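Keep in mind it's a predicted model, so treat the numbers as computed, not measured. Note: hydrogens, waters and symmetry copies are ignored here, and every other heavy atom, side chains too, is used.
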Protein chains: 2
Amino acid sequence: MSSRKRSNPLALAVLICLFERPMHPYEVAATLRQRHKQESLRLNYGSLYAVVASLEKRGLIAPQATMREGRLPERTVYAVTESGKIEAHDWMTELVSTPVNDYPSFEAALSFLPALPPGDVVDLLEERAMHLKVELARAGATRELNEKAQLPRLFWVEDEFRVALREAEFDYVRRLIAEIKSGAFDGLEWWTEIHASTESQGTEATPTGKARR
Amino acid sequence: MSSRKRSNPLALAVLICLFERPMHPYEVAATLRQRHKQESLRLNYGSLYAVVASLEKRGLIAPQATMREGRLPERTVYAVTESGKIEAHDWMTELVSTPVNDYPSFEAALSFLPALPPGDVVDLLEERAMHLKVELARAGATRELNEKAQLPRLFWVEDEFRVALREAEFDYVRRLIAEIKSGAFDGLEWWTEIHASTESQGTEATPTGKARR
DNA sequence: AACGGGGTACTCTGAATCGAGTATCCGGAA
DNA sequence: TTCCGGATACTCGATTCAGAGTACCCCGTT
């Protein structure tokens, strides 16, 4: 009934925070930031207040009280409604059970790979690999801190998952580099050729290929 | 200079298509669809024309001619400009060399895992694993078709990468299921407890934890 | 006593996104 | 012959997003 627009997971975050106790939007943001959710969620004020307004319009949350302290702007405290609880539950169910395409930008980049000459690509991939290595090292350190602080794994599965994906990405990038360098990469001759004339831009040669499938 | 807003990779796709030869926007879309780029890119008409307008405003593409056939709507053919070529090159360089956070929605879901009872989570993760298995099987079939059609790997690295990530996700999900089921998952007692009273919604108990870090 | 930096709590605006809608043409079936 | 479905080529409006900006407070310094 109310699954009209389930785009922004920030709305789910709000619902779940208000599930714990009524809060005002800024407090929700502070809570999320304190729990490091800004690494898994696009958290910024413009979206936050927009999302809160939308949730209210859809009857998933309701203002409980508006108070003000001194001459500071009003704080509107919201509470989650019954249908809000149901929506949060359904949304979680969907998110966990059903994979979706998130269109990672590196995938897009790979799909345009022929646009750059293979030599440049190798250098850029090597740079990416380095960045990934650094990121993984930092993640490992954070993980150790979490363990030392006795923070149960339940509260950092999302980091663990991110690391798993990044490791897979790292492996893939390394393999790709190796194969291009070795010359064994299928399509390399054509790829080299279309970038042969110019130093670093090939204004020619459509990668027509044969119509796929 | 012109890296003002590099959000939507669809703009890069347009640039690269026009690099091959001048086209009108709809033709760009058709070309991209024919090459199965809609699996790596959010491709829809609303965004396409918006993106084209923005590229024109920024001087990265320029209208070459507007023609009409019969009483069909006008087709404006665009060509990429010199600065458009540079922008495409720089953008590609950035995309390939620098990892970014794409905020995958499953990561968000994992970060709210305590909101659902562990038993439900196991079932949902198992459903996800099944979906992933199907997807991987389909991807394998597509790959074999590509190989049989002698389509060089250069033209399906993006699919290969997607598969690598999905495989990592699959492995992670399986491990998670196993650990929760075995009872070895750290934090499971607390997790079970807060969902003990009610059948499937725990309106109580803030997962306060200790303040992280 | 005045000042500055950091935190609180939003507000505003312009851009981006999405999907439905429009209007036309074409080819084949009934 | 006429109708119908599908392709062509966009247009429009309603959200949604992003992030800079505003206004105030508190606290320590000079």
Side-chain angles (χ1 to χ4, degrees), chain A residues 2-14 17 22-34 38 41-58 60-61 63-78 100-103 105 108, chain B residues 2-14 17 22-34 38 41-58 60-61 63-78 100-103 105 108:
Chain A
S2 67
S3 75
R4 304 196 356 85
K5 273 260 137 184
R6 249 172 214 176
S7 50
N8 194 345
L10 181 57
L12 177 58
V14 170
C17 273
M23 298 186 199
H24 53 98
Y26 188 86
E27 201 179 350
V28 170
T31 306
L32 292 174
R33 199 125 20 87
Q34 206 199 346
Q38 78 280 32
L41 285 172
R42 261 173 249 264
L43 174 51
N44 52 47
Y45 293 114
S47 308
L48 176 66
Y49 287 92
V51 146
V52 164
S54 152
L55 287 174
E56 184 184 352
K57 204 176 58 188
R58 291 162 54 194
L60 303 177
I61 63 176
Q64 243 205 353
T66 62
M67 48 187 64
R68 74 163 54 221
E69 224 157 84
R71 226 162 296 118
L72 277 171
E74 252 185 7
R75 295 176 307 173
T76 306
V77 175
Y78 290 89
V100 298
N101 189 348
D102 290 309
Y103 299 97
S105 54
Chain B
S2 66
S3 74
R4 303 192 1 83
K5 272 262 133 184
R6 249 172 213 177
S7 50
N8 194 347
L10 181 56
L12 177 58
V14 170
C17 273
M23 299 186 198
H24 53 96
Y26 188 86
E27 201 180 350
V28 169
T31 306
L32 292 174
R33 198 124 22 85
Q34 206 198 345
Q38 78 279 30
L41 286 172
R42 261 173 249 267
L43 175 52
N44 53 47
Y45 293 114
S47 308
L48 176 65
Y49 288 93
V51 146
V52 165
S54 151
L55 288 174
E56 184 184 351
K57 204 176 56 187
R58 291 162 53 193
L60 304 176
I61 63 176
Q64 245 207 350
T66 62
M67 49 186 62
R68 75 162 53 222
E69 224 158 84
R71 224 161 296 119
L72 277 171
E74 252 186 7
R75 293 176 308 172
T76 305
V77 176
Y78 289 90
V100 298
N101 189 348
D102 289 310
Y103 300 97
S105 56

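Within a heavy-atom distance below 4.0 Å of DNA chain C, the residues of residues 41-54 of chain A found are Tyr45(A), Tyr49(A).
Atom OH of Tyr78(A) is separated from atom C1' of dC10(C) by 11 Å (rounded to the nearest Å). In this entry the distance linking CZ of Arg6(B) with C1' of dG19(D) reads 19 Å, nearest Å. dA18(D) atom P lies 15 Å from atom CD of Gln38(A), rounded to whole Å. One interatomic measurement links the two molecules: OH of Tyr26(B) to P of dA23(C), which rounds to 17 Å at whole-angstrom precision. Distance CZ (Arg58(A)) to C1' (dT15(D)): 12 Å, rounded to an integer number of Å. Between the OH atom of Tyr103(A) and the P atom of dA16(C) there is a distance of 20 Å, rounded to whole Å. dT15(D) atom C1' lies 14 Å from atom CG of Leu55(A), rounded to whole Å. Spacing between atom CG of Asn8(A) and atom C1' of dC18(C) amounts to 15 Å, rounded to whole angstrom units.
Taking the side-chain contact (heavy atoms from CB on, under 4.5 Å) definition, one finds that Asp102(B) meets it with Pro104(A), Ser105(A), Val100(B), sequence neighbours left out. Partners of Ser54(B) under the side-chain contact (heavy atoms from CB on, under 4.5 Å) rule, at least two apart in sequence or in another chain, are Arg58(B). In this structure Ser7(A) satisfies the side-chain contact (heavy atoms from CB on, under 4.5 Å) test with no other residue, sequence neighbours excluded. Partners of Asn101(A) according to the side-chain hydrogen bond (donor to acceptor under 3.5 Å, both in side chains) rule, which considers only residues two or more places apart in sequence or in another chain, do not exist here. Listed by chain and residue number, Arg33(A), Leu43(A), Tyr45(A), Leu48(A) satisfy the side-chain contact (heavy atoms from CB on, under 4.5 Å) test with Ala29(A) (two or more places apart in sequence, or in another chain).
Map Glu27(A) and Lys57(B) each onto its nearest nucleotide of DNA chain C; the residue landing nearer the 5' end is Glu27(A).
Counting only heavy atoms from C-beta outward, the side chains of Thr76(B) and His24(B) never approach each other to under 4.5 Å.
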